[in-house]
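The next block holds one structure in the form of structure tokens; read it before the comments.
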Amino acid sequence: MQIWHMEPFPCGDRRLPHHVFPPKKITTTQLGALAGVQYYKVDLEDTASMKKRLSAVKTEKNVTFTDVFTVSETMLDFDDKMEQFYEAQTQKEDVISLVVEGTCYYDVEVEDDSWIRVQLEKGDLIVIPKGLSHRFTTTPQNFVKIQRFFSRKVEGTQG
Ligand SMILES: CSCCC(=O)/C(O)=C/O
């Protein structure tokens with residue numbers, strides 16, 4: 001996990017880091033204070049500890065459905081999906097995502113047009129609070145597998 005302030009009006013390839021100059025990184029604690037985003041590191045190799053962490057998150061967030069969603073440039077509709085995911089959006093429920101493989105970015109908008117980029121890798125679990133404007137994209141790796149957690153059934157998810 002790495003977190004930094006993004007340059008105000010990034011041009012070009014959105015998968016590049018787009019740091020402010022000079023780069024301004026922040027901690028997970030600062031991200032929590034600024035935007036209410038929660039972060040956990042999950043050891044995916046340690047089944048007992050992973051189950052304990054996920055169980056705590058599921059209970060706390062009333063999670064009843066989960067799925068595993070893979071974003072890869074081999075997807076037929078990859079470009080369309082990437083456009084859709086990079087549109088700023090707010091959800092009525094917390095967005096809860098665990099990176100199982102690969103890397104990605106979630107950007108969160110802390111003030112109008114002021115974005116913080118959160119780079120996630122394997123074992124990173126993020127909770128973006130409901131109502132917070134955010135967007136998603138891949139890194140140049142163009143591959144991420146994410147377990148998503150929902151408090152209610154949404155299309156394409158499993159109980
Ligand atoms: C691989 S799902 C990425 C998109 C996502 O989590 C989202 O758009 C939440 O609002």
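In what follows, residues are counted from 1 in the order of the sequence shown. Numbering of ligands and ligand atoms starts at 1, following listing order. In what follows, every heavy atom counts, from backbone to side chain, and hydrogens, waters and symmetry copies are set aside.
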Check: Phe65 ring centre within less than 6.0 Å of Phe150 ring centre: no
Taking only residues two or more places apart in sequence or in another chain, which ones pass salt bridge (charged side-chain N to carboxylate O under 4.0 Å, His left out) with Glu93? Arg152
Suppose the criterion is side chain to side chain donor-acceptor pair (under 3.5 Å): which pairs have a residue in residues 44-58, not counting sequence neighbours? Glu45-Lys122
Residue by residue, ordered by chain and number, which ones reach under 4.0 Å of ligand 1 with a heavy atom? Phe69, Val71, Phe85, Gln89, Gln91, Val95, Tyr106, His134, Phe136, Ile146, Arg148
Residues in side-chain contact (heavy atoms from CB on, under 4.5 Å) with Gln38, at least two apart? Tyr40, Glu60, Lys61, Val127
Taking the side chain as every heavy atom from C-beta outward, state whether Leu54 and Leu98 have any atom pair closer than 4.5 Å. yes
Do you see a donor-acceptor pair shorter than 3.5 Å between the side chains of Gln119 and Thr139? no
